Each structure stands twice: as structure tokens, then as C-alpha cells.
Asker: 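Quick one: structure below, then a few questions.
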2 protein chains.
Amino acid sequence: MMEIPVLFSIFEIEESLGVEEAPLKDMLRGTGLRYTKQRGEVLQLFREHDTALTQAELEKMLPSQFDRITLYRILRSFEASGLLHKVLDDSGTTRFALCRTGCSEHEHHDEHVHFRCSSCSKTLCLPEVAIPDVKLPKGYVFGDAKLLIDGICPECVISSN
Amino acid sequence: MMEIPVLFSIFEIEESLGVEEAPLKDMLRGTGLRYTKQRGEVLQLFREHDTALTQAELEKMLPSQFDRITLYRILRSFEASGLLHKVLDDSGTTRFALCRTGCSEHEHHDEHVHFRCSSCSKTLCLPEVAIPDVKLPKGYVFGDAKLLIDGICPECVISSN
DNA sequence: TACATTATTGCAACATTAGTGCAATTACAA
DNA sequence: TTGTAATTGCACTAATGTTGCAATAATGTA
Ligand SMILES: [Mn+2]
Ligand SMILES: [Mn+2]
Ligand SMILES: [Zn+2]
Ligand SMILES: [Zn+2]
């Protein structure tokens, strides 16, 4: 079959993906994951929000409606490759948030505090707040720690004035 | 109808409930909850364990098999009256543990660390380990904190020698 | 003890979340 | 362009969470 002339450079093609899509591709490929429209949309949502999100919340925000199971598997694969981390909760549903630099498929480094606002019920990552050391009783071997603080977030404090 | 003679004193009746049942009654009534066989069994299980338990785990341990919904509601009512508190988890199911003294339906005082052993996967309450203070960024109002530490528990450390 | 009142239980029904298997489709690299 | 392997969508199943309501049981009072 005849070769079709190249109409666009690779850069023009990347640009045609939109402002954010090319970096998304890099982020995904950097972890060994293939880029798909669905994965791009999910990752983009996490980049637009600094909050931990549930699957249900994501479904409402996604630009294209795709299969629930696909989303389920995307979240798990993102976690496995160090793109997302689970955020502890006592609600019974799983929450994920974007990992900061340094997380990989081998190890997560999200030793920061999470904050849940009891007013707007958002769960925020506070990457600048480290989890303080805790002295465990004799015999316990420390692995890692997760800290969730409940309270009122700055936005809700302001709007309540 | 003829009056039936009293055969047992109130103390003998309480004793006939078994060693632990009378105190259970007191615990429940102290919080305004009625004593029932089902509630007694659930509370007894929590008293026998120093770990946080899921509904599924409780169902396997309960001496009498009663309705799933009843257990669901017992756990929620126990939490509401300050008998149990939720424990952080990322498995997707809710975990409860026995509250120490000082919790009421108005307020929970479980500012202690929880420890999850990655070997035996038990989640233990460490009431003697307080959650350290955390300095939040400007604008955030602190409510309360929950800290879960992953690692190896003393029992599992010993048995791995 | 008997009764009235009110809380609790069990059942039915439904909603949400989790998870697996497999065939069709798509991404990627040769 | 094409082959291969990863990813997706669909069907289906399991587990957990939640509410309404009628039957039942616990408690206080007479
Ligand atoms: Mn985070
Ligand atoms: Mn506890
Ligand atoms: Zn808020
Ligand atoms: Zn252990």
C-alpha cells in the first residue's frame, strides 16, 4: 500500500492532543503504563484536584462516560505504579490521591498528613505537613504511618464568617 | 391469677446470666441502650479482643447466628452511644473497636494510635500511645486526629525468630 | 405480676462497591 | 504496516451498606 505523506511533525501531533495531554502521556509512560483516553482523563482529574477522590466522585466528573470496571482497574493500576496512593478513611469507601514525586511501583512515599473537612467533606493532601514520629511500645516494629485530621478547611472557615 | 412465689433474688438472677453478662448489662444500660442477647454477645466479643473488628469478622465469632442487619445496627448504635469507635482502614470495610472510658454519645475520646500488623493483619488499639500534636498550615481548624501505624506486632516479631 | 409503651429485631428489598473471566479492541514497537 | 501484548467493555457474582415496616422483646409503671 502506498505510503501516506507525513503531514504533521511529532510535535504538532503532540500539540493536537491539547495543552495537558502530552505531559499526561509522559507521566503514564514513565511508569510503564500505556496511554489511553480513559487513563488520560482520570489522571487529568487528579491533577486538577488536590483532594482525595472516590470512584463515585470521579465518575461524575469524567468528560466521557466509560465502563465502571475500567475505572476500577485504572485506579488500581495507578496505585500499583506509584501514581496514586490510597487515603485512609473510616467511611468504608476507598479514596485515592495523586502521589508526589518519589513514589514508584516498589515503594510509596506519602508520609504526609491528610485533612478531612467536616463542613465541605473534602479530603485534602497536606504534603507540606509531615507525620510526626511516634514512640511505639517495646516489641512493635514500625513500618509506616498514616494520619488523618478532621476539622474545618480554610475555605469553609472563611465562608462561615 | 395467683401470685407465683419468688424463687430467686435479683442477685441470683443476675448471677444466672453468667459471669460476664451482668457487667455487660450495666455497660449497655449506662449508655441508655437496652440489654438484648444480641447486643450482649457483640459487646462481649469486643471485650475479649483488643483488636478492631469488621462486621464479617464478628459474624464468624458470634455464638448465636442472628440477622446481618441487626449486627449492622448494633455496631452503629454502639458507636453513637460511645461504646465503640471507628478505626481507620483502607480495605474498604468499616472497622470498630471498644472505646476506653470517657467516650459518650456526645463525644469520642480515642486520641490513641492504632497499629496494623502486616503479618497477622490484626489492627490493635494502643491506648497508651497518644497521637502527637500536628501543626496545621494557617487557616485550618483542628478537630481531631486518627493515626494508623503499619508494621509488625510483638507476637509476630517473636514468632519470626 | 400484668400491662402499656417504646426500643429492638428480622425480613424484604434495594443501592453501592468490589472483584473475576473472557472476548473484542487498542496501543505500541518492531 | 503489522503482530503482540495490554487494555477495555460486558456479563456475572460477591460483599457491604442502607431503609422501611411489621413482629417481637425489653423496660417502667401500676
Ligand atoms: Mn496524599
Ligand atoms: Mn482504638
Ligand atoms: Zn471545607
Ligand atoms: Zn501480628
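None of these values were measured; they are calculated from a predicted model.
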Asker: Round to a whole Å and report the spacing from CD of B:Glu79 to P of D:dT18.
Answerer: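 About 11 Å, once rounded to whole Å.
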
Asker: So, is A:Thr54 close to the C:dT17 phosphate, meaning a side-chain N or O under 4.0 Å from OP1 or OP2?
Answerer: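 No, no such contact exists.
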
Asker: I'd like to know if A:Asp150 pairs up with A:Arg116 as an ion pair, taking the criterion as any Lys NZ or Arg NE/NH1/NH2 lying under 4.0 Å from an Asp or Glu carboxylate oxygen.
Answerer: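 Salt bridge flag = yes for A:Arg116 with A:Asp150.
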
Asker: Using a 4.0 Å cut-off on heavy atoms, which residues in residues 61-72 of chain A reach DNA chain C? List them by number, or say none.
Answerer: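 Heavy-atom contacts with DNA chain C come from A:Arg68, A:Ile69, A:Tyr72.
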
Asker: Nearest 0.5 Å please: distance from the NZ atom of B:Lys86 over to the NZ atom of B:Lys146.
Answerer: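 Here the rounded value is 8.0 Å.
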
Asker: Tell me the interatomic distance from A:Arg39, atom CZ, to D:dA6, atom C1', rounded to whole angstroms.
Answerer: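 Answer to the nearest Å: 8 Å.
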
Asker: Heavy atoms only, 4.0 Å cut-off, all strands: where does B:Thr94 land among base, sugar-phosphate and nothing?
Answerer: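 Here B:Thr94 touches the backbone only, sparing every base.
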
Asker: Going by atom type alone, with no hydrogens or angles, which donor-acceptor pairs under 3.5 Å involve a side-chain atom of residues 57-65 of chain B and a protein atom two or more places apart or on another chain?
Answerer:
from, atom 1, to, atom 2, distance (Å)
B:Glu57, OE1, B:Thr54, N, 3.0
B:Glu57, OE1, B:Arg95, NH1, 3.3
B:Ser64, OG, B:Lys37, NZ, 3.1
B:Ser64, OG, B:Glu41, OE1, 3.0
B:Ser64, OG, B:Glu41, OE2, 2.9

Asker: At under 4.0 Å, does any side-chain N or O of B:Gln38 touch on OP1 or OP2 of C:dG10?
Answerer: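 Yes, B:Gln38 has a side-chain N/O under 4.0 Å of OP1/OP2 on C:dG10.
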
Asker: Start at the 5' end of DNA chain C and walk down; is the nucleotide closest to B:Leu33 or to B:Gly92 reached first?
Answerer: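 Final value for this comparison: B:Leu33.
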
Asker: With a 3.5 Å cut-off and heavy atoms only, can you find an N or O donor on one side and an acceptor on the other between the side chain of B:Arg76 and the base of D:dG17?
Answerer: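 Under the 3.5 Å cut-off, the side chain and the base do not form any donor-acceptor pair.
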
Asker: Answer yes or no: is there a side-chain heavy-atom contact under 4.5 Å between A:Val129 and B:Lys135?
Answerer: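 Sidechains of B:Lys135 and A:Val129: no contact.
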
Asker: Measure CG/B:Leu28 against P/D:dA25 and give the value in whole Å, please.
Answerer: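 B:Leu28 atom CG is separated from D:dA25 atom P by 18 Å.
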
Asker: What is the separation between atom CG on B:Leu75 and atom C1' on C:dT8, rounded to the nearest whole Å?
Answerer: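 Checked: the CG to C1' distance equals 15 Å.
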
Asker: Taking atom P of C:dT17 as reference, at what distance in whole Å does atom CG of A:Asp89 sit?
Answerer: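 In whole Å, C:dT17 P and A:Asp89 CG are 12 Å from each other.
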
Asker: Using the rule that Ile, Leu, Val, Met, Phe, Trp and Tyr join whenever any side-chain heavy atoms are under 4.5 Å apart, tell me whether A:Phe78 and A:Leu53 fall into a single cluster.
Answerer: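 Yes.
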
Asker: Respond yes when some side-chain nitrogen or oxygen of A:Arg29 is under 4.0 Å from OP1 or OP2 of C:dC28, and no when none is.
Answerer: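 So the side chain of A:Arg29 is within the cut-off, an N or O lying under 4.0 Å from OP1 or OP2 of C:dC28.
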
Asker: Return yes if the base of D:dG20 and the side-chain atoms of B:Arg73 contain a donor-acceptor N/O pair under 3.5 Å, otherwise no.
Answerer: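 Present.
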
Asker: In terms of side-chain heavy atoms of A:Arg34, which of C:dA18, D:dA26, C:dA27 is nearest?
Answerer: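 Per side-chain heavy atoms of A:Arg34, the pick is C:dA27.
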
Asker: Have a look at the helix from C:dT1-D:dA30 to C:dA30-D:dT1 and give the angle its two end axes make, five pairs each, rounded to 10 degrees.
Answerer: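 Axis angle across the helix from C:dT1-D:dA30 to C:dA30-D:dT1, nearest 10°: 30°.
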
